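To start, the structure under review is shown below, and the notes come after it.
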There are 2 protein chains.
Amino acid sequence: MDQAPHRVTIREVAAHAGLSISTVSRALTGSRAVLPELVRRAQDSASELGYRADTVGRSLRTQRTGTFGLVVPDLTNPFFPALVQALEHAARSRGLSILIADTGNDPEVETAAMNTLLDRRVDALLVSPVDLEASREGLISAATTVPVLQIDRVIDEGIPFVRVDQEAPVKALVERMIATGRRHLAFIGQDPRIATSREREVAFAQAMSERFAGGPLRSVTGGTSPQSGRAAAETLLSRWPETDGVVCANDLIAVGVLEHVRARLAGRRIAVSGFDDTLMAQVLELTSVRQPVQQLADLAIAAAAHPDRSTLLATRAVVASEVVFRRSTD
Amino acid sequence: MDQAPHRVTIREVAAHAGLSISTVSRALTGSRAVLPELVRRAQDSASELGYRADTVGRSLRTQRTGTFGLVVPDLTNPFFPALVQALEHAARSRGLSILIADTGNDPEVETAAMNTLLDRRVDALLVSPVDLEASREGLISAATTVPVLQIDRVIDEGIPFVRVDQEAPVKALVERMIATGRRHLAFIGQDPRIATSREREVAFAQAMSERFAGGPLRSVTGGTSPQSGRAAAETLLSRWPETDGVVCANDLIAVGVLEHVRARLAGRRIAVSGFDDTLMAQVLELTSVRQPVQQLADLAIAAAAHPDRSTLLATRAVVASEVVFRRSTD
DNA sequence: CTGTTAGCGCTTTCAT
DNA sequence: ATGAAAGCGCTAACAG
C-alpha cells in the first residue's frame, strides 16, 4: 500500500547531476556563486528527482529551524484564532512555520509548553502570557534561552513586545458615552491577572478621573464569557444602580451585559461596549474596539524573522486600535 | 544582554557523569537496560546541568519528529479553533507537537502548505480539506509521502479519515421541525465544495424524500457568514415563500437567517437550525448540532501517534454528534 | 568557482 | 550491560 516512500537526498541529486554535494547545495540555496550552467544542471536534477531539502538536516547544521513557537492562552476566545491566523500567514509568506500551543489559561501548562517548544529549537517564542504574575518566571526563564516576544499581552517590559494601545480607545469610549448623555459609567474586566484587561481598567479609571474628579470608580471583574458578563452586570447594577454606561474588557462579557440589560432592565438606556470587534459584536450591533491584528502579526513576524536578533531583542512596539461605534452606544 | 545561551549537549552530560554518551542516551530515554546506579548518575548530571535533549538531532537520527502538520481551511470559522485546541491538547499530552497551517480556503495555498510541512518531516498530516475537488490531487500526492488523516471533512474515502456522521442529526432536525408543525422545510448550505456541507445537504434531501416523497427540494447555497446567510434566506423565501423551517449547514449562516426573519418576517414562525453549536448559537438560542470535537481529536491523535503506521492507514472513523434543541426550533 | 571533509546532536549498530 | 564509532541530511570551512 503505502510503501516506505524514499525521500531523495541531496547526495542523489549530486550524483545524478554529476556535481559535488556542496555545489548542489550552493546552487539550490544560492548561498554562494555557482556557474549558471551548473545551477541549471542542479535544478534540473533536483526537480527531475523530486528533491526537496530536508529541513531537519539543515536545521541541525545551521542551528536555525525556521520555526516559531506560538503560545496562546485560549483559542476559545475569538481574538486568538484571528491572531493565530494572521501570524501564520505572515510567517508562511516568509517560508517560516509555526508550532502552536494552547495553554488553556494555565500558567503551569504555559511554562511546560514553552519548554517543549524550546526542545524543538524554535527560533523564537511568541507568547500571549496567561497571567500577569504567574507567567512571569517561566517567561523570563525562557527568554534566557531563546528570543521571546510578548504578543498583545505584556507582563514584563524588560522582554520584547508588540502590543496595542489601550488608553486611547477606552478614552474614546468614555467620551462617546458622555457625549450621548451618560454620566454614571462603569467597567467590567476579565480576570485582573490578564494584562490587557488590567490595562483597560487602568485606562478607564484614568479617563473617568479626568472627567469626574473624585467620583466613584465603578469597576468589577469576572471571567471571559457571556455568563460571567451577566453575573458581573448583576453585581454592578445592584451595587451602583445609577449606572448608565458599561465599558467591558471583552466582547464576550459585553454580550452577557447586553443580555442582562435586555432581560432585566428593558426600559433603561444603558450603553455597552466591548473589545475585539468579534463576529458577535457585529451581529449584536455592539460597539467594540477593533484590534489591529494584522499589524500586530506583521510586526511580530518581521521582528522575529529578522536575521540579526538584536532587532527582536530591541522590539517594543505599540500599535493603535480603532473603536467601531454601533447601536449599543447610541 | 542575551548572550549566546549555550545549550547543554549529551556529550557534556556524559563527561560530567563519567559515562559514555551512549549510556547516557540509553539511561535517559530508557531505550535499553542500564544499571540503576548509572541511570541515577546520568539523570543527576542531566538535571544538574539543565540538559534537555535536542529534538532536531534526535529527529535526524530517528527519522521521526514527534510533530504533526495540521492544515485547516479557516480559523475564522469558529469550529476550527475548537478543533485545533482539542488536537493540540491531545497531542501535547503525548509529548507531540503541532505545526499549524491556515489555508484561507484556498486549495492552492493548501497544497503549498502541505508541502512545506512535508519538508519539515512531520510524522503525519492532519487535514480538513478545503474543496471536494480541488483539494484532492494535492491530498493524494501528499499521502504518497506521509500518512495523511482527513479530519472532519472527507473528500477521498481511499485516504484515512475521522469524521462526524451527518445523517442522524439532520434527520433529527427535520423530524423536530415536523413535530412542531412545520411542513415546508428548506436547506441552506455553505459552498457545495465543502465536504460536510455537501453531506448535510444530501442528508437533508434524503430525510425530506422519506417524509414528503415527490415534494420540492428547497435548497440554496452561499457562503459561510451571517451576511451570506441573510442573502440566502432572502433568495430562499422569495423562491419558496411557504418555507417554515430552515436547516442551515452552519451556525454563521443560521444567524444570518435569524436576522432576516426577525427583520423582515417578524410575524412568521420559522424554525431555524445551525451546525457546530458555537457560542453564537448559545447566545442567540439557536438550535444547533454540537460536534464531538474532543472525540474527533482524540481519535485523530491516537491514530496518528500509533507506533506502527498501518493503524493510521487503516483508520476510517465516524463519530456521532448531538442536536442541541433551543428556542429557534420551538 | 568547485570539491573534499568535518560536524551539527543524537541514537544505534557493533564489538566487547 | 557498556563503550566506540558510524551516520541521519545538510551546510560551511578549508583547500585547491
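Only heavy atoms go into these numbers, but all of them, side chains included; no hydrogens, no water, no symmetry mates. Chain A is the first sequence line, chain B the second, and so forth, proteins listed ahead of strands; every chain is numbered from 1. As the structure is a computational prediction, the values presented were derived from the model and not from experiment.
Nearest to the side-chain atoms of B/Leu35 among the listed nucleotides C/dC10, D/dA1, D/dA5 stands D/dA1. Looking at the side chain of A/Ile21, the nearest of the listed nucleotides C/dG9, D/dT11, D/dA12 is D/dT11. Considering only side-chain atoms of A/Thr23, the nucleotide from D/dT2, C/dG3, D/dG9 that sits closest is C/dG3. With C/dG3, D/dC10, C/dT11 as the choices, the nucleotide that has an atom nearest any side-chain atom of B/Ser25 turns out to be C/dT11. Comparing D/dC10, D/dT2, C/dT11 against the side chain of A/Asp54 picks out D/dC10 as the nearest. Side chain of A/Thr9, nearest nucleotide from C/dC10, D/dG9, D/dT2: D/dG9.
Side-chain atoms of A/Thr62 and base atoms of D/dA12 include no donor and acceptor less than 3.5 Å apart.
To the nearest angstrom, C1' of D/dC10 lies 13 Å from CZ of A/Arg7. For A/Arg52 and D/dG9, the CZ to C1' distance is 16 Å, given to the nearest whole Å. Rounding to whole angstrom units, CZ of residue A/Arg121 and P of C/dC8 are separated by 14 Å. Straight-line distance from the CZ atom of A/Arg11 to the P atom of C/dT4: 11 Å, rounded to whole Å. Atom-to-atom, OH of B/Tyr51 to P of C/dT11 comes out at 6 Å; the value is rounded to the nearest Å. The distance from atom CG of B/Leu60 to atom C1' of D/dA6 is 13 Å, rounded to the nearest whole Å. Rounded to an integer number of Å, the gap from CZ of B/Arg41 to C1' of D/dT2 is 12 Å. Counting to the nearest Å, the C1' atom of C/dG9 and the CD atom of B/Glu12 are 11 Å from each other.
One finds no side-chain N or O of B/Arg58 lying less than 4.0 angstrom from the OP1 or OP2 phosphate oxygen of C/dG9. Remark: A/Gln63 is not in phosphate contact with D/dT11, judged by side-chain N or O atoms under 4.0 Å from OP1 or OP2.
Contact check for B/Phe80 versus B/Pro73: side-chain heavy atoms found under the 4.5 Å cut-off.
For A/Arg193 (side chain) and A/Asp131 (main-chain N/O), no donor-acceptor pair under 3.5 Å exists by modelled atom type. At distances below 3.5 Å, not a single donor-acceptor pair connects side-chain atoms of A/Thr65 with backbone N or O atoms of A/Ser59. Between the side chain of B/Asp102 and the backbone N or O of B/Val72 there is no donor-acceptor pair closer than 3.5 Å.
Residues B/Val34 and B/Arg61 each lie close to DNA chain D; by heavy-atom proximity, the contact nearer the 5' end of the strand is made by B/Val34. Checking B/Ser31 against A/Leu19, the closest nucleotide of DNA chain C that is more toward the 5' end is the one next to A/Leu19. Each of B/Arg26 and B/Gly57 was assigned the nucleotide of DNA chain C with the nearest heavy atom; the assignment lying further toward the 5' end belongs to B/Gly57.
Here the rule is side-chain contact (heavy atoms from CB on, under 4.5 Å) with A/Val148, and of A/Leu312, A/Asp156, A/Leu313, A/Leu139 only A/Leu139 fits it. Of the residues listed (B/Leu118, B/Thr145, B/Asn115), the one engaging A/Arg52 in a side-chain contact (heavy atoms from CB on, under 4.5 Å) is B/Asn115, and it is the only one.
Within a 6.0 Å radius of CZ in B/Arg309, other residues, nucleotides and ligands contribute 12 heavy atoms or fewer.
At its two ends the helix from C/dC1-D/dG16 to C/dT16-D/dA1 runs along axes set 40° apart, each axis drawn from five pairs and the angle rounded to 10°.
Among the heavy atoms of the strands, none lies under 4.0 Å from B/Thr55.
With sequence neighbours excluded, the residues that form a side-chain contact (heavy atoms from CB on, under 4.5 Å) with A/Ala91 are A/Leu96, A/Ile98, A/Ile301.
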